[in-house]
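Residues take their numbers from the sequence shown, with the count starting at 1. In this text the structure is predicted, and so the values were computed from the model without any measurement. Side chains included, hydrogens not; waters and symmetry mates left out as well; all remaining heavy atoms used.
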Amino acid sequence: CDIVLSEHTYELCQNLIWVRELDRIRVKGKMQPVNLYELIDKKDAPLNPHTREFLDLYGAARSAYTGMRFEEAMRLFEQANRLRPGDRAVAVHISRAKDYLSSPPPNNWDGVHIMTTK
């Protein structure tokens with residue numbers, strides 16, 4: 001990603017920009033999770049159909065992922081990957097979903113990825 005925003009920055013300009021949610025993380029030494037976003041473009045620039053399709057698939061995949069529907073998430077992330085091969089956020093989510101299929105998170109998992117290093 002070229003530009004990553006925390007939820008705090010995003011809240012200040014959310015009406016002006018297109019973003020995609022990258023992750024919800026808890027960094028080492030902190031208790032409160034933070035949403036991270038990738039800046040896509042200014043909202044006065046309409047999204048092209050290819051980008052819109054990718055973002056829709058990615059958003060649906062993130063929703064399935066955070067809802068612990070990991071097989072569905074993998075299927076959707078793989079579709080997104082075909083639209084944008086090499087996207088790092090997609091690759092990370094596919095890897096995590098595979099891991100969660102073999103070793104599921106606890107039933108009360110909140111979708112937060114815990115960072116082990118700062």
Side-chain angles (χ1 to χ4, degrees):
C1 301
D2 291 329
I3 300 175
V4 176
L5 310 170
S6 73
E7 66 186 49
H8 308 294
T9 302
Y10 176 58
E11 287 171 5
L12 297 173
C13 54
Q14 64 186 337
N15 296 328
L16 303 173
I17 58 176
W18 298 110
V19 298
R20 72 167 164 162
E21 182 182 65
L22 292 173
D23 215 345
R24 183 162 173 78
I25 64 166
R26 185 176 293 118
V27 296
K28 184 177 181 176
K30 301 287 183 180
M31 292 305 298
Q32 187 66 28
V34 175
N35 287 338
L36 297 179
Y37 299 90
E38 176 188 14
L39 175 65
I40 303 297
D41 207 341
K42 297 181 293 184
K43 279 197 175 174
D44 61 0
L47 294 176
N48 68 53
H50 183 265
T51 300
R52 169 58 62 199
E53 182 181 7
F54 172 78
L55 292 176
D56 288 346
L57 272 171
Y58 180 88
R62 276 279 303 154
S63 180
Y65 173 84
T66 60
M68 298 177 62
R69 299 184 315 276
F70 300 115
E71 288 181 14
E72 177 185 353
M74 283 183 52
R75 181 179 52 78
L76 291 166
F77 279 126
E78 287 168 356
Q79 288 177 30
N81 190 53
R82 286 192 287 277
L83 290 177
R84 194 181 282 182
D87 185 276
R88 183 74 179 125
V90 169
V92 165
H93 280 86
I94 290 171
S95 175
R96 287 186 198 163
K98 284 180 183 176
D99 289 346
Y100 284 139
L101 281 172
S102 63
S103 180
N107 289 336
N108 64 345
W109 183 64
D110 57 5
V112 173
H113 178 71
I114 299 171
M115 304 290 292
T116 57
T117 60
K118 284 191 176 184

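Thr66 has its side chain out of reach of Arg24: every pair of non-hydrogen atoms, C-beta onward, lies at least 4.5 Å apart. Contact of the Ile40 side chain with the Phe54 side chain is not registered, since no non-hydrogen atoms from C-beta on lie closer than 4.5 Å. Between Met68 and Pro104 there is no side-chain heavy-atom pair separated by less than 4.5 Å. Two residues are said to be in side-chain contact when any heavy atoms from C-beta on lie closer than 4.5 Å; Glu78 and Ile94 meet this criterion. Side-chain contact check for Tyr37 versus Val4: every heavy-atom pair is 4.5 Å or farther apart.
A salt bridge links Arg96 with Asp23; the closest basic N to acidic carboxylate O contact falls under 4.0 Å.
Evaluation of the side chain to side chain donor-acceptor pair (under 3.5 Å) rule for Asn81 yields no partner, not counting sequence neighbours.
Classified by interplanar angle (parallel below 30°, tilted 30° to 60°, perpendicular above 60°), the ring pair Trp109/Phe70 is tilted.
Taken from OH in Tyr10 to CD in Glu21, the straight-line distance is 9.5 Å, to the nearest 0.5 Å.
Side-chain atoms of Ser95 do not come within 3.5 Å of backbone N or O of Val92 as any donor-acceptor pair. Using a distance-only test at 3.5 Å, with no hydrogens or angles considered, no donor-acceptor pair links the side chain of Arg26 to the main chain of Gln32.
Shown are Asn35, Leu12, Ile17, Leu36; of these, the side-chain contact (heavy atoms from CB on, under 4.5 Å) with Leu5 is made only by Ile17. Here the options are Thr51, Leu47, Leu55, the test is side-chain contact (heavy atoms from CB on, under 4.5 Å), and the partner is Trp18; only Leu47 passes.
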Steps toward side-chain contact (heavy atoms from CB on, under 4.5 Å) verdict (Glu38, Leu22): CA-CA 6 Å; Glu38 176 188 14; Leu22 292 173; 3.9 Å; yes

Derivation of the salt bridge (Lys or Arg N to Asp or Glu O under 4.0 Å) call for Asp87 and Arg20: CA-CA 13 Å; Asp87 185 276; Arg20 72 167 164 162; 2.8 Å; yes

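Judged by distance alone, the side chains of Arg62 and His93 do bring a donor and an acceptor atom under 3.5 Å apart.
Across every non-hydrogen atom of Ala61 and Ala73, the tightest pair is O-CB, 3.7 Å.
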